[in-house]
Structure formats: structure tokens, C-alpha cells
A.B. asks: 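Mind having a look at this structure? Questions to follow.
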Amino acid sequence: MTAAVTTSVTRDALLAQMRQIVGTRHVLTDEQATRRFRKGHRTGEGNVLAVVRPGSLLEQWHILQAAVAADRIVIMQAANTGLTGGSTPDGEDYDREIVLISTLRITGVQLVNDGEQVVCLPGATLDRLEQALAPLNREPHSVIGSSCIGASVLGGICNNSGGALVRRGPAYTELALYAQVNDDGSLELVNHLGIDLGDSPEEILTRLQNGDYTPQQVRNEATAKASDARYGEHVRDVDADTPARFNADPARLFEASGSAGKLCLFAVRLDTFPKEPSTVFYIGSNDPHDLTEVRRHLLAKLPRLPIAGEYIHRTAFDIGEKYGKDTFLVIDKFGTAKVPAAFAMKSRVDGFFERFGLRGVTDKVIQALMNLLPSHLPARMREYRDRFEHHLLVRVSNDTLEQTRAFLTEYFTGSTSGACFECDADEGRKAFLHRFAVAGAAIRYRESHRSSVEDILALDIALRRNDRDWVETLPAEMEEQIIHKLYYGHFFCHVFHQDYIVKKGIDPIAMEHRMWKLLDERRAEYPAEHNVGHLYVAKPALAGFYRELDPTNTFNPGIGHTSKKKHWGGCCGQEH
């Protein structure tokens with residue numbers, strides 16, 4: 001199923017062709033109209049020839065054909081919620097014009113195998129998937145977290161995104177429908193979805209879009225996985241001298257999974273999971289050893305793995321409480337479905353004021369309003385904040401509740417360093433919601449303190465599973481260059497998010513490179529779950545995977561600091 005290569009066409013001719021395919025209103029070229037697509041959620045920005053918004057899989061295929069035949073770069077984008085700039089242009093040093101294809105109009109979640117699996121189209125979000133599965137008492141790979149800001153299902157697969165749920169590991173599937181550009185420049189549609197949909201791209205895409213297939217046409221080969229079933233036993237090995245999960249792990253790179261935009265995805269097929277009654281324990285301690293012992297015992301000794309184990313340092317608690325309050329309140333009062341629309345409105349308003357040289361207007365206004373409101377957190381959480389530096393939220397299924405309760409009660413009885421309490425339903429929900437709100441709080445802090453903050457240095461790292469020395473110690477001269485350090489993360493997986501709010505006048509890129517050296521000395525892997533984007537350097541195995549998927553370097557060039565040149569610049573595919 002290949003499309004022949006044709007000669008390049010002019011800019012005006014290509015724009016006219018794309019307008020004919022999707023309609024004039026869905027080919028955006030105005031700088032203001034394209035801003036929210038060209039600018040990353042946290043980092044990354046660049047120019048594009050056009051942002052094109054197809055309304056169907058077939059339109060997406062025809063736009064892709066036109067762009068490839070015209071010898072343009074293609075960047076695929078769904079929700080644009082990534083934290084490392086992985087789905088936006090980065091800079092102006094590309095050798096070809098960029099066509100950015102936004103897939104958000106192509107929504108669709110199709111239940112297969114009685115809801116035990118789903119087929120998701122390019123615009124499907126985690127939030128919509130969660131809603132579709134709720135009547136079946138099932139849930140997707142990821143729940144609260146990135147789903148709240150409208151992250152796409154396919155984006156998670158492309159980046160092997162991790163998440164808070166210990167049993168499920170990184171987002172992964174071997175069942176996908178995608179297009180790739182071969183080394184001779186031909187465009188090919190590859191149906192590895194495991195569903196019989198016909199032979200031609202037009203038939204396959206149209207039938208899939210319409211859900212025109214029977215249960216008998218859904219193949220269930222045992223060798224084709226729709227999730228990473230190996231991760232549960234992998235993370236239990238608390239004495240292993242390697243990290244549990246990280247983006248460059250070759251064991252979890254397979255076609256669409258981990259592809260980071262080096263393919264054009266049309267659909268993925270994924271496992272779903274039963275919801276379970278659960279209970280949350282809130283643990284506080286001034287001795288990191290306490291949290292280490294809790295982690296090792298619950299991972300190795302419980303008959304079933306905990307559902308989640310989330311860490312928050314006191315400083316992250318404080319910044320999240322103050323600067324993540326609006327995110328917390330919107331989700332708490334209105335649910336996750338309203339958050340994507342709120343982010344989109346915020347982007348439009350910010351874009352309007354930036355035309356007049358005014359940055360961060362919405363952040364400053366919202367924060368001023370939030371400062372007038374009282375604390376939104378439960379009293380016992382605030383009490384633990386005053387008593388303890390380190391906080392751990394543990395969610396277990398109720399079939400392991402008694403074992404967990406007995407262990408924690410025995411461990412902390414008579415302890416002078418730590419304590420724990422069993423949350424009621426409201427406390428447990430709000431504890432995990434607060435943990436999520438921490439993740440965006442550093443951005444609000446930066447926008448509210450532009451005069452004193454240079455930028456945010458954000459790292460997500462994976463420590464070795466047997467690493468007991470998980471609390472970071474920085475050199476004194478680096479400490480002096482940082483206003484606040486926010487440490488939080490997926491503690492049972494030993495994946496940490498480390499956000500450094502850097503003082504004005506300090507070069508955050510130079511600091512980041514120094515941080516990398518310190519992490520290398522600790523034998524940590526990074527990034528752990530947000531993927532390389534345009535911030536991190538792709539390690540040789542990962543860069544090689546990208547080049548294998550996209551030999552002409554048509555899709556998302558420059559990712560992981562690789563070459564932005566056609567055919568990878570004619571050399572090794574890695575810029576120096």
C-alpha cells in the first residue's frame with residue numbers, strides 16, 4: 001500500500017491543494033491562529049508553513065500524501081500537552097518548510113472484545129477514553145494526571161508515557177495502523193492493528209473511521225500485545241541494579257510505541273483494565289529511609305502490587321498548594337472534562353496579549369484571585385505538611401488492604417521520624433489531585449515571578465530499583481543558583497520529576513548539562529517518561545530506532561537533538 005513519489009510543488013500550490021482536501025478554514029497560516037499549535041505546553045516553538053486540521057482519517061492520509069510528495073517536513077500533533085517540546089517545531093534551522101498536522105478533530109474510541117480492548121483514533125484523549133469505559137467499570141492505562149489537560153491516547157503511545165499506576169508500566173502496544181516514508185521516499189500505510197479492514201488505504205481508513213468491521217474481523221493473536229504485561233514482575237524486583245522504566249529502554253520500543261512522531265499514526269489498539277475498590281494511605285516522614293522501607297516491602301511482599309505510590313517533597317507540596325490551586329479547584333468542582341477547554345481559552349487570551357508585548361497575563365490574574373482564597377486541602381494533609389518533609393501517597397486495592405494496614409501500623413508504631421493515616425474517600429481523592437496539581441505549579445510560579453526567575457529546568461529521571469540513596473544532594477554553587485527545587489514523582493517505580501526554578505541571569509541550559517553529569521554519576525536514566533522531545537539527547541539506541549522508522553527524516557526532524565536535515569544530513573543522524 002504505497003503512494004508514488006512526485007516532484008516538489010510550490011508553497012502556494014501546496015496550500016491550495018491542502019485547502020481543497022480539508023477546506024480553507026482548516027488550513028491555518030496566520031501567526032496568531034497557529035500560535036497554540038506552534039508553541040509547546042512548557043517549551044519549544046518555531047514557524048510552520050501551515051497548521052492543517054483534517055476531519056477524517058482519509059483527509060489525514062491525503063494531507064500526508066500531499067506534504068510528502070511536496071518534500072515538506074511533517075510534524076504530527078494531537079493535544080500538544082507534552083512537557084519536552086516533542087510535538088512542535090523547535091527553532092528556525094530546518095532545511096524544509098513544516099506542515100503541522102493537528103489531529104484533534106479526528107475523535108473516536110471504539111470498544112472491541114467486549115470492552116476489554118479499545119481502538120483509539122488520533123484525536124482521542126485519555127479523558128474521553130476514561131468516560132467511554134466508565135459504564136463498563138473499566139479504565140484506560142492512565143487515569144488522573146495527563147488526562148486532565150486533554151492528553152491524547154496516541155501521544156502516550158508515541159512517547160511510552162509512564163504514569164502513576166504501578167501495575168501497568170509505560171503505555172505500550174504492538175497493534176497500530178500507521179504510515180511511514182520508506183528510504184526511497186514512498187509513503188506506505190501499514191495495518192498492524194489486527195483488524196481486517198481491506199486492502200487499499202482508502203478502504204482501510206474509511207471502514208475504520210466508520211467502525212465498519214465485525215467482531216470476527218478482530219484478530220486476537222497471542223503474540224501481539226496491547227499493553228506491557230511484563231512490567232508488574234519487573235517493578236517487583238527491588239534489588240535490581242537498573243531502573244524499572246525509561247524512554248530509551250529497547251524492550252519497549254516497537255513500531256508506534258516510542259516512535260516520538262517518526263511515524264504518522266492513524267489508530268492504536270489497547271488493553272483496558274477493571275476498576276477496583278481501593279484505599280489511600282497518607283505517609284509522612286523526616287527520614288527518607290522510612291519511605292524506602294515502605295516501598296520495598298509493599299512491592300515485594302504484598303500478594304498484589306499496590307495501585308499507586310506517589311511522592312511529594314514539602315517544597316513541592318507548598319508550591320503546588322499555592323500555584324496549582326486553580327487547577328485543583330477546576331477539576332474538583334467541574335471534573336477533568338472542563339480542563340482542556342480552559343487551557344485552550346487561556347492560550348488564546350495569552351496569545352492576544354503577547355501581541356502587545358505582555359506575557360503571562362492570565363497567570364498573573366488567576367494567581368491574584370487564587371491568593372484571596374483559603375487553603376483547599378484537607379486538615380490532616382496540612383498537619384502532615386507542618387510535621388514532615390517527605391510525603392508518600394499509597395493506593396492499594398481493597399483485597400490487600402488488611403496486609404497494608406497491618407504493615408504500616410506496625411512500622412510506624414513508636415516511630416519518632418514518621419507516621420501515617422488511612423484516608424477517607426474525600427481525603428484520598430484530594431491527596432492525589434494535589435499531587436497532580438504540583439506538576440503544573442512551577443509554570444505558574446515562573447509566570448508570576450518573571451522579574452526573579454530565568455526559567456524552569458525540568459527533569460524526569462529513573463533511578464535504579466535498588467537505589468536507597470534517592471534524595472538528591474546538589475553542589476553548593478548550584479544550590480545558590482536555584483530559587484526552589486520541586487521533587488515529586490512515581491515513587492514505587494523510582495521515577496522522579498525534578499523541577500528547578502532557576503534564578504534570573506543563570507543559564508538553565510548550562511545547568512541542565514551539569515545536572516546530566518550528576519545523574520550519569522548516579523547511573524540514573526533520563527528522561528523516564530516524558531521522552532526526549534527537543535530537550536534531551538537521544539541515546540544511540542533510541543536515535544537508531546528513530547532512523548529505522550523514518551530513513552528520510554521526514555517526520556519530526558531534530559527530535560532528541562538528532563539531525564534536522566533531509567536523509568539525516570547524509571551522515572550518522574546525530575548532530576555534534
Side-chain angles (χ1 to χ4, degrees), residues 1 108-122 124 126 129-130 132-133 136-143 153-154 156-163 165-180 188-199 203-205 207-208 211-237 240 244-247 249-259 263 265-276 303-305 307 397 399 493 541 545 548-549:
M1 293 175 286
V109 172
Q110 301 172 3
L111 304 180
V112 297
N113 293 330
D114 298 320
E116 294 185 2
Q117 290 186 327
V118 290
V119 173
C120 293
L121 303 190
L126 287 169
L129 176 55
E130 196 171 348
L133 293 173
L136 303 178
N137 204 34
R138 299 184 72 84
E139 59 189 15
H141 168 271
S142 298
V143 286
V153 177
L154 273 65
I157 292 296
C158 286
N159 292 305
N160 280 145
S161 298
L165 301 178
V166 181
R167 300 172 181 173
R168 300 178 194 173
Y172 180 83
T173 187
E174 296 169 4
L175 299 167
L177 175 65
Y178 61 87
Q180 66 183 142
E188 180 179 9
L189 184 69
V190 179
N191 183 7
H192 287 170
L193 203 56
I195 302 175
D196 298 325
L197 294 166
D199 298 317
E203 182 183 10
I204 291 170
L205 297 171
R207 288 182 58 189
L208 179 61
D212 181 17
Y213 53 89
T214 65
Q216 291 71 34
Q217 290 169 310
V218 178
R219 302 192 307 274
N220 293 298
E221 295 99 339
T223 55
K225 307 301 182 185
S227 63
D228 185 3
R230 304 160 294 177
Y231 187 73
E233 288 306 311
H234 188 68
V235 75
R236 274 193 186 274
D237 189 357
R245 57 176 165 94
F246 55 98
N247 286 129
D249 185 355
R252 295 180 176 90
L253 300 175
F254 185 88
E255 295 180 353
S257 296
S259 58
L263 299 170
L265 266 64
F266 290 87
V268 296
R269 181 173 153 194
L270 304 169
D271 289 331
T272 69
F273 304 88
K275 285 185 179 179
E276 297 186 64
R304 295 184 68 206
L305 281 169
I307 293 173
S397 51
D399 58 1
C493 300
F545 176 66
E548 181 181 351
L549 294 179

A.B. asks: Less than 4.5 Å apart, any side-chain heavy atom of Ser142 and any of Leu165?
C.D. replies: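 No - every pair of side-chain heavy atoms lies 4.5 Å or more apart.
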
A.B. asks: With side chain to side chain contact (heavy atoms under 4.5 Å, CB included) as the test, would you mind laying out the steps for Arg207 and Gln217 before giving the verdict?
C.D. replies: CA-CA 12 Å; Arg207 288 182 58 189; Gln217 290 169 310; 3.1 Å; yes

A.B. asks: Enter the distance from Ile204:CD1 to Asp199:CG here, rounded to the nearest 0.5 Å.
C.D. replies: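 Here the rounded value is 7.0 Å.
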
A.B. asks: Only counting residues at least two apart or in another chain, list the ones meeting salt bridge (Lys or Arg N to Asp or Glu O under 4.0 Å) with Arg304.
C.D. replies: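 Salt bridge (Lys or Arg N to Asp or Glu O under 4.0 Å) check on Arg304 returns Glu276, Asp399.
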
A.B. asks: Keeping the roles fixed (side chain from Gln180, backbone from Glu255), state whether a donor-acceptor pair exists under 3.5 Å.
C.D. replies: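 Judged by distance alone, no pair lies under 3.5 Å.
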
A.B. asks: Mind running side chain to side chain contact (heavy atoms under 4.5 Å, CB included) on Ser259 and Phe254 for me, showing each step along the way?
C.D. replies: CA-CA 8 Å; Ser259 58; Phe254 185 88; over 6 Å; no

A.B. asks: With a 4.5 Å heavy-atom cut-off, do Leu197 and Glu203 have their side chains touching?
C.D. replies: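 Not in contact.
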
A.B. asks: Give the intermediate values and the outcome of side chain to side chain contact (heavy atoms under 4.5 Å, CB included) for residues Leu133 and Leu111.
C.D. replies: CA-CA 9 Å; Leu133 293 173; Leu111 304 180; 3.8 Å; yes

A.B. asks: Can you tell me if Arg269 uses its side chain to pair, donor with acceptor, with the backbone of Val119 under 3.5 Å?
C.D. replies: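 Absent.
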
A.B. asks: Using the side-chain contact (heavy atoms from CB on, under 4.5 Å) criterion, which residues pair with Thr223? Sequence neighbours excluded.
C.D. replies: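 Applying side-chain contact (heavy atoms from CB on, under 4.5 Å) to Thr223 gives Glu221.
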
A.B. asks: Asp196: which residues meet the side chain to side chain donor-acceptor pair (under 3.5 Å) condition with it, sequence neighbours left out?
C.D. replies: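 So Asp196 forms a side chain to side chain donor-acceptor pair (under 3.5 Å) with Arg219.
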
A.B. asks: Does Glu116 have any salt bridge (Lys or Arg N to Asp or Glu O under 4.0 Å) partners at least two apart in sequence or in another chain, and if so, which?
C.D. replies: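 Per chain and number, Glu116 pairs via salt bridge (Lys or Arg N to Asp or Glu O under 4.0 Å) with no residue.
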
A.B. asks: Strictly distance-based, threshold 3.5 Å: is any side-chain N or O of Asn113 a donor or acceptor partner for the main-chain N or O of Gly115?
C.D. replies: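 Looks like no, no N/O pair under 3.5 Å.
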
A.B. asks: Which pair of heavy atoms, one from Gly108 and one from Ala124, lies closest together, and at what distance?
C.D. replies: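 The pair with the smallest heavy-atom distance is O-CB, 3.6 Å.
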
A.B. asks: Cut-off 3.5 Å, side chains only: do Glu174 and His192 have a donor facing an acceptor?
C.D. replies: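 Judged by distance alone, the side chains do not pair up.
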
A.B. asks: From the options Leu121, Leu129, Val109, select the one residue that forms a side-chain contact (heavy atoms from CB on, under 4.5 Å) with Val153.
C.D. replies: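 Exactly one candidate clears the test, Leu129.
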
A.B. asks: Nearest 0.5 Å, please: how far is CG in Asn191 from CG in Leu205?
C.D. replies: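 So the CG of Leu205 and the CG of Asn191 are separated by 9.0 Å.
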
A.B. asks: Can you name the side-chain contact (heavy atoms from CB on, under 4.5 Å) partners of Ala176, sequence neighbours left out?
C.D. replies: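 Result, side-chain contact (heavy atoms from CB on, under 4.5 Å) vs Ala176: Tyr178, Ala256, Val268.
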
A.B. asks: Using side-chain heavy atoms (C-beta onward) and a distance below 4.5 Å, is Pro170 in contact with Asp228?
C.D. replies: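 Side-chain contact under 4.5 Å: yes.
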
A.B. asks: Among residues at least two apart in sequence or on other chains, which ones pass side-chain contact (heavy atoms from CB on, under 4.5 Å) with Ser257?
C.D. replies: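 By the side-chain contact (heavy atoms from CB on, under 4.5 Å) rule, Ser257 matches Ile157, Asn160, Tyr172, Thr173.
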
A.B. asks: Calculate, to the nearest 0.5 Å, the distance between atoms CG and CD belonging to Leu175 and Gln117 respectively.
C.D. replies: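 Taking CG in Leu175 and CD in Gln117, the distance rounds to 6.5 Å.
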
A.B. asks: Using 0.5 Å steps for rounding, measure from the CG atom of Asp114 to the OG1 atom of Thr272.
C.D. replies: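 So the CG of Asp114 and the OG1 of Thr272 are separated by 10.0 Å.
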
A.B. asks: Which residues satisfy the side chain to side chain donor-acceptor pair (under 3.5 Å) test with Arg168, sequence neighbours excluded?
C.D. replies: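 Counting only residues at least two positions away or on another chain, Arg168 forms a side chain to side chain donor-acceptor pair (under 3.5 Å) with Glu139.
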
A.B. asks: Test your reading of the model: is there a side-chain donor-acceptor pair from His141 to the backbone of Gly169, 3.5 Å cut-off?
C.D. replies: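 Yes, His141 side chain to Gly169 backbone: donor-acceptor pair under 3.5 Å.
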
A.B. asks: Which residues pass the side chain to side chain donor-acceptor pair (under 3.5 Å) test with Gln216, sequence neighbours left out?
C.D. replies: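 Expected list: Thr214.
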
A.B. asks: Donor-acceptor check, side chain of Arg167 to backbone of Gly232, threshold 3.5 angstrom: yes or no?
C.D. replies: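 It does not hold such a pair.
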
A.B. asks: Not counting sequence neighbours, which residues clear side-chain contact (heavy atoms from CB on, under 4.5 Å) with Asp249? List them please.
C.D. replies: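 In terms of side-chain contact (heavy atoms from CB on, under 4.5 Å), with neighbours along the sequence ignored, Asp249 is linked to Phe246, Ala251, Arg252.
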
A.B. asks: Are the side chains of Leu208 and Gln110 in contact, using a 4.5 Å heavy-atom criterion?
C.D. replies: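 Yes - at least one pair of side-chain heavy atoms lies under 4.5 Å apart.
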
A.B. asks: Is there a donor-acceptor contact under 3.5 Å linking the side chains of Asn159 and Asn247?
C.D. replies: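 No - no donor-acceptor pair under 3.5 Å links their side chains.
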
A.B. asks: Would you call Tyr213 and Val112 a side-chain contact if the rule is heavy atoms closer than 4.5 Å?
C.D. replies: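 Answer yes - side chains close enough.
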
A.B. asks: May I ask you to test the Ile307-Val166 pair for a side-chain heavy-atom distance under 4.5 Å?
C.D. replies: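 Not touching, per the 4.5 Å side-chain cut-off.
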
A.B. asks: First locate atom SG of Cys158, then atom CG of Leu265, and finally report the distance between them rounded to the nearest 0.5 Å.
C.D. replies: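 It is 4.5 Å, given to the nearest 0.5 Å.
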
A.B. asks: Check whether any side-chain heavy atom of Arg245 lies under 4.5 Å from a side-chain heavy atom of Tyr231, and answer yes or no.
C.D. replies: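 Result yes, sub-4.5 Å side-chain heavy-atom pair found.
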
A.B. asks: Taking only residues two or more places apart in sequence, or in another chain, which ones meet Asp237 in a salt bridge (Lys or Arg N to Asp or Glu O under 4.0 Å)?
C.D. replies: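 Salt bridge (Lys or Arg N to Asp or Glu O under 4.0 Å) check on Asp237 returns nothing, list empty.
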
